[in-house]
**Student:** 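If you scroll down you'll find the structure; I have some questions about it.
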There are 2 protein chains.
Amino acid sequence: MPNDPNPIPGWLECIARSGYRLTAPRRAIVDIMASSDRALEPLQVYDLGRQSCPGLGLVTVYRTLEKLEELGLIQRVHQPNGCHTYWRAACGHEHLLFCTACGRAVHFSGDNITPLIEKVSNQTHFTIQDHWLQLFGLCPQCQQNNL
Amino acid sequence: MPNDPNPIPGWLECIARSGYRLTAPRRAIVDIMASSDRALEPLQVYDLGRQSCPGLGLVTVYRTLEKLEELGLIQRVHQPNGCHTYWRAACGHEHLLFCTACGRAVHFSGDNITPLIEKVSNQTHFTIQDHWLQLFGLCPQCQQNNL
DNA sequence: CCATAATTGATAACGTTTTTCAATTATAAA
DNA sequence: TTTATAATTGAAAAACGTTATCAATTATGG
């Protein structure tokens with residue numbers, strides 16, 4: 001479900017299919033994480049979550065984020081100013097692009113770093129197993145606001 | 001000084017030139033960070049540092065790492081299992097390659113992701129300002145130890 | 001509807017990082 | 001060399017994000 005306009009049912013199904021229960025706190029957190037257009041830290045998820053699930057506890061947020069990551073639905077995001085945020089996981093071979101002004105995130109694909117990997121592999125004699133690629137820039141909106 | 005066999009004098013000069021004082025704790029930490037073949041976390045720097053500077057305090061390690069990062073001599077390293085380590089900074093357009101078994105780090109260059117950046121820029125209408133690229137794999141030694 | 005085990009939220013504990021502050025020390029000027 | 005000064009230090013305490021504990025609650029299958 002690459003750019004599913006409403007990924008929430010799929011996420012809930014994934015949770016149930018994995019033997020986990022569907023609870024109000026989990027639904028609230030799934031709603032937030034599946035539809036956010038930017039990476040969120042646990043405290044932000046907590047604040048947003050309490051709007052629709054007033055009794056929500058911060059501990060439950062941590063536990064649920066851990067579970068969603070384990071299920072491959074979200075992933076931890078690394079940025080220069082910290083690595084405490086999560087965003088929905090990439091589909092297949094996708095990477096992240098961030099707006100440095102507003103934090104909005106986008107997935108992209110189409111990189112082909114195979115030749116680079118081969119070159120580096122030859123030079124260093126490492127066996128390359130994986131790669132991380134992230135782009136940083138300004139989104140269209142923030143360009144207009146001449147930031 | 002890309003692959004200077006002894007980068008320590010240059011680092012010390014950089015510190016002094018920037019108006020900071022050369023103290024025993026700083027010399028010890030520079031010795032460690034300038035010559036380590038892998039990224040280190042503050043507590044590791046502390047343990048190593050106390051071997052040559054017995055009274056060294058952990059707080060001084062944090063403060064000195066912060067300063068070395070500010071001077072562009074070291075940089076924070078991001079890995080799947082955490083982002084609390086530092087390694088010497090890349091020179092110009094270099095990226096990091098890690099051994100997932102032993103943690104050894106290497107700089108490499110020669111990537112050309114300009115075409116990718118142009119493509120993503122056209123697709124997303126973002127202005128791309130910067131990129132992160134990291135490779136993960138097995139170093140020659142760990143391949144031999146069939147890990 | 002019931003029994004059961006998963007899940008919850010509050011509290012406390014934990015490890016890392018930052019702040020505070022008096023004592024020490026590198027540096028530049030005398 | 002000596003002195004004055006401000007930068008730097010280490011110890012202690014505070015702050016912060018995250019994890020563990022545990023009794024109460026709740027989703028689920030029967």
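All chains are named by letter (A, B, ...) in the order of the sequence lines, taking the proteins before the strands, and each is independently numbered beginning at 1.
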**Student:** Work out which heavy atom in B:Glu94 is nearest to a heavy atom in B:Ser109; give both atom names and the distance.
**Tutor:**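 It is CG-CB, 4.2 Å.
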**Student:** Between B:Ala16 and B:Glu41, who's closer to the 5' end of DNA chain C by nearest nucleotide?
**Tutor:**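 The residue mapped nearer the 5' terminus is B:Glu41.
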**Student:** In terms of hydrophobic clustering (I, L, V, M, F, W, Y; side-chain heavy atoms under 4.5 Å; direct or indirect links), are A:Val61 and A:Leu73 co-clustered?
**Tutor:**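 Same hydrophobic cluster.
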**Student:** Could you go over nucleotides 24-26 of chain C and give all protein N or O partners under 3.5 Å, atom names and distances?
**Tutor:**
unit_1 : atom_1 : unit_2  : atom_2 : d
C:dA26 : N3     : B:Arg21 : NH1    : 2.9

**Student:** So which nucleotide from D:dG10, D:dT18, D:dA20 ends up closest to the side chain of A:Pro42?
**Tutor:**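 Within the option list, the nearest is D:dT18.
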**Student:** Group every Ile, Leu, Val, Met, Phe, Trp and Tyr by side-chain heavy-atom contacts under 4.5 Å, then state whether A:Ile74 and A:Leu43 land in the same group.
**Tutor:**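 Both belong to a single hydrophobic cluster.
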**Student:** Write down the distance between OH (B:Tyr46) and C1' (D:dT9), rounded to a whole number of angstrom.
**Tutor:**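 About 13 Å, once rounded to whole Å.
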**Student:** Whole angstrom is fine here: how far is it from CG in B:Leu65 over to C1' in D:dT9?
**Tutor:**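 Interatomic distance, CG of B:Leu65 to C1' of D:dT9: 15 Å.
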**Student:** Just verifying a value: how many Å separate A:Arg26 CZ and A:Leu56 CG, rounded to the nearest 0.5 Å?
**Tutor:**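 Going from CZ on A:Arg26 over to CG on A:Leu56, the span is 12.0 Å.
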**Student:** For A:Leu97, what are the other residues in its hydrophobic cluster, where any two members join if their side-chain heavy atoms are less than 4.5 angstrom apart?
**Tutor:**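 The other cluster members (ILVMFWY side chains, heavy atoms under 4.5 Å, direct or chained) are A:Val106, A:Phe108, A:Ile113, A:Leu116, A:Ile117, A:Val120, A:Phe126, A:Ile128, A:Leu133, A:Leu135, B:Leu97, B:Val106, B:Phe108, B:Ile113, B:Leu116, B:Ile117, B:Val120, B:Phe126, B:Ile128, B:Leu133, B:Leu135.
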**Student:** Measure CZ/A:Arg76 against P/D:dG17 and give the value in whole Å, please.
**Tutor:**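 Taking atom P of D:dG17 as the reference, CZ of A:Arg76 is at 14 Å.
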**Student:** Quick one: A:Arg27 CZ to D:dT26 C1', roughly how many Å, whole number?
**Tutor:**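 Atom CZ in A:Arg27 sits about 13 Å away from atom C1' in D:dT26.
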**Student:** Please tell me which of the listed nucleotides, C:dT16, D:dT9, D:dC22, lies nearest to the side chain of A:Arg63?
**Tutor:**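 The closest nucleotide is D:dC22.
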**Student:** Does any N or O in the side chain of A:Ser36 come within less than 3.5 Å of the main-chain N or O of A:Ile32, such that one atom is a donor and the other an acceptor?
**Tutor:**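 Side chain of A:Ser36 to backbone of A:Ile32: no pair is present.
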**Student:** Does B:Arg26 reach a base, just sugar-phosphate, or nothing at all? Heavy atoms under 4.0 Å.
**Tutor:**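 The answer is sugar-phosphate, as B:Arg26 gets under 4.0 Å only of primed atoms, P, OP1 or OP2.
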**Student:** OP1 or OP2 of D:dT19 versus the side-chain N and O atoms of A:Tyr62: is any pair under 4.0 Å?
**Tutor:**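 So the side chain of A:Tyr62 is outside the cut-off, no N or O lying under 4.0 Å from OP1 or OP2 of D:dT19.
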**Student:** Give A:Leu43 one of three labels, base, sugar-phosphate or nothing, depending on what nucleic acid heavy atoms sit under 4.0 Å from its own.
**Tutor:**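 Touches nothing.
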**Student:** To the nearest Å, give me how far apart NZ (A:Lys67) and P (C:dT8) are.
**Tutor:**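 Result: 8 Å.
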**Student:** Taking the side chain of A:Thr60 as its heavy atoms from C-beta onward, which of C:dG9, C:dT17, C:dT16 lies nearest to it?
**Tutor:**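 Within the option list, the nearest is C:dG9.
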**Student:** Angle between the end axes of the helix from C:dC1-D:dG30 to C:dA30-D:dT1, five pairs per end, to the nearest 10 degrees?
**Tutor:**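 Its terminal axes enclose an angle near 40°.
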**Student:** Nearest 0.5 Å, what's the NE2-NE2 distance between B:His107 and B:His93?
**Tutor:**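 Rounded to the nearest 0.5 Å, the NE2-NE2 separation comes out at 12.5 Å.
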**Student:** Is there a chain of hydrophobic side chains (I, L, V, M, F, W, Y, each step under 4.5 Å between heavy atoms) that links A:Leu48 to A:Tyr62?
**Tutor:**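 Yes, it is one cluster - the side chains of A:Leu48 and A:Tyr62 are joined through contacts under 4.5 Å.
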**Student:** With respect to the side chain of A:Leu58, which nucleotide from D:dT18, D:dA20, C:dT17 is positioned closest?
**Tutor:**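 The nucleotide sitting nearest to the side chain is D:dT18.
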**Student:** Side-chain N or O of A:His84 versus OP1/OP2 of D:dC16: is the shortest distance under 4.0 Å?
**Tutor:**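 Looking at the OP1 and OP2 atoms of D:dC16, neither is under 4.0 Å from any side-chain N or O of A:His84.
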**Student:** Let me know the distance between CD of A:Glu66 and P of C:dA6, rounded to the nearest Å.
**Tutor:**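 Computing the A:Glu66:CD to C:dA6:P distance gives 16 Å.
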**Student:** Treat each ILVMFWY residue as a node, draw an edge where side-chain heavy atoms are under 4.5 Å apart, and state whether A:Leu71 and A:Leu40 are in one component.
**Tutor:**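 Linked, A:Leu71 and A:Leu40 end up in one cluster.
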**Student:** Do A:Val45 and A:Ile15 sit in one hydrophobic cluster, given that two such residues count as connected whenever their side-chain heavy atoms are within less than 4.5 Å of each other, even indirectly?
**Tutor:**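 Yes, because A:Val45 and A:Ile15 connect within a single hydrophobic cluster, where side-chain heavy atoms sit under 4.5 Å apart.
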